[in-house]
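One structure below.
Below, all heavy atoms of this structure are taken into account, side chains as well, without hydrogens, waters or symmetry copies.
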Amino acid sequence: MIKINLLDSVTDKTSSFASIETRVATPRMQGKLMLLVVIALTTLGIFFDYSSANSAKAAAQTQLEEQQRIAAQMEMVKREQAELESKTRNVQTRIDAIKRLRDSQQGPVAVLSAINDRLPKLPDFRLAGIEQKDGNLTITGDSPNEAAVTQFGRSLEFSGGMFTNVSIETKRDLLKPPADGPAATATDAAEKDAAALKPQTLTFTVKCKYTLGSNQPASVSATQKPAAAQVAQK
């Protein structure tokens, strides 16, 4: 039969615990334990700090990439807007240039164009000359009848202020009939009959003021009269 001495066992355990307590109670062992605790806490803190920093860095990188993407889109929008504004300015510049050109078009071409737009559409209505001096126009020509001259004068007068102070002078060119009497021949009689049947030409002179052309050259010279007649015949 096996016998166990429990007293010795308890005594041995008590002595072992006492030995451990004695070792732990020494300042050297306490310092080592404290050092181990400090190292463990420091390692744990470093690991936590590293994990937190790594997570923050990843979030910051993601946010940075998102901001860069938005910035790139905004830059593209700004470039497109700048190009559109540049094109708009160019178009507006051209429009302003055309307007200035039209407003400053004060040469003989503008006068002839304005008059030509108001000529009666008659084949025998023609202009003989146009003279301009200090904004005053003198238009001479021939017309088959007085009604066409009146129509021409009205079209000048009702021009929205372009032509003002319109006055018309007319003169009918009377054809001299062949002489009557004993000396008259059959040919003279035939010419007389033809003259009676031939329509008489009405010479007119229209004077007015060309408001938009007040700053034009001093006059439209006589060399431009054929051009005026050509415009009238169109």
*asked:* Nearest 0.5 Å, please: how far is NZ in K207 from OG1 in T140?
replied: 11.0 Å
*Got a sec, which pairs hit side-chain hydrogen bond (donor to acceptor under 3.5 Å, both in side chains) with one end in residues 78-91, sequence neighbours left out?*
Q81-E85
*Value rounded to 0.5 Å, distance of CD in Q67 from CE in M74*: 11.5 Å
_Taking every non-hydrogen atom, the tightest pair across V206 and L156_ = CG1-CD1, 3.8 Å
*Under a single-linkage rule joining Ile, Leu, Val, Met, Phe, Trp and Tyr whose side-chain heavy atoms are separated by less than 4.5 Å, which residues share a cluster with V77?*
none
_Distance (rounded to the nearest 0.5 Å) between R126 CZ and D142 CG_ = 4.5 Å
*Quick one: which residue pairs count as a ring pair (Phe, Tyr, Trp, His ring centres under 6.0 Å) with a foot in residues 136-164, not counting sequence neighbours?*
F125-F152, F163-Y210
*Give a yes or no on whether Q73 atom CD has more than 12 heavy-atom contacts from other residues, nucleotides or ligands under 6.0 Å away.*
yes
*Which distance, rounded to the nearest 0.5 Å, do you find between the CD of E131 and the CG of N136?*
10.0 Å
*asked:* Go through it in stages, so that I can follow the logic: the residues are L137 and I130, the test is side-chain contact (heavy atoms from CB on, under 4.5 Å), and I'd like the CA-CA distance, side-chain angles, deciding distance and then a yes or no.
replied: CA-CA 7 Å; L137 288 178; I130 301 175; 4.3 Å; yes
*For R69, all residues meeting salt bridge (charged side-chain N to carboxylate O under 4.0 Å, His left out), sequence neighbours excluded*: E66
*State the CD1-CD1 distance between I168 and I139, to the nearest 0.5 angstrom.*
9.5 Å
*Any idea which heavy atoms bring A148 and L122 closest together, and the distance?*
CB-CD1, 3.4 Å
*Nearest-0.5 Å distance, OG1 of residue T93 to CD1 of residue I98*: 11.0 Å
*asked:* Do L33 and V37 make a side-chain contact, defined as non-hydrogen atoms from C-beta onward lying under 4.5 Å apart?
replied: no
*Begin with the C-alpha distance, continue with both residues' side-chain angles, and end with the deciding distance and a verdict on side-chain contact (heavy atoms from CB on, under 4.5 Å) for T138 and T205.*
CA-CA 7 Å; T138 301; T205 300; 3.9 Å; yes
What donor-acceptor contacts under 3.5 angstrom involve side-chain atoms of residues 44-60, with partners at least two apart or in another chain?
unit_1 : atom_1 : unit_2 : atom_2 : d
S51    : OG     : F47    : O      : 2.9
S52    : OG     : F48    : O      : 2.9
S55    : OG     : S51    : O      : 3.0

_Show every side-chain hydrogen bond (donor to acceptor under 3.5 Å, both in side chains) that has at least one partner inside residues 154-167, sequence neighbours left out._
none
